[in-house]
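Working notes, structure below.
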Amino acid sequence: MPQRPLHLGPLSGEGTVAITELPPDAFPYMTETARDARKVSADREFLGGLALLLRGLGA
């Protein structure tokens, strides 16, 4: 079984930049979302994920 990476990278990282470079006519939602995601700070990304997790635990 292949090993999974422990961390996939920040939203403002290289992977997100690569998605913004996809053809927007073929991937309109992905490119738009990636452009917005590049503006998310590491703190906001972490705290947003934590809030989502805690909401899920409380459900």
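Using a 4.5 Å cut-off on side-chain heavy atoms (C-beta onward), Lys39 and Asp36 make contact. A heavy-atom distance below 4.5 Å is found between the side chains of Leu22 and Met30. Residues Thr20 and Thr31 form no side-chain contact, since every pair of their non-hydrogen atoms from C-beta on lies 4.5 Å or further apart.
Other members of the cluster containing Val17 do not exist, because no ILVMFWY side chain is joined to it at under 4.5 Å.
With hydrogens and angles disregarded, no donor-acceptor distance shorter than 3.5 Å links the side chain of Glu45 to the backbone of Pro10.
Closest of all the heavy-atom pairs between Ala37 and Thr16 is CB-CG2, 4.1 Å. The minimum heavy-atom distance linking Ser12 with Arg38 is given by the pair CB-O, 3.7 Å.
Separation of atoms CG (Leu54) and CG (Leu47) is listed at 10.5 Å; rounding is to 0.5 Å. Atom CZ in Arg55 sits 10.0 Å away from atom CG in Leu50 (nearest 0.5 Å).
Residues Leu53 and Phe46 fall within the same hydrophobic cluster, defined by Ile, Leu, Val, Met, Phe, Trp and Tyr side chains chained together at heavy-atom separations under 4.5 Å.
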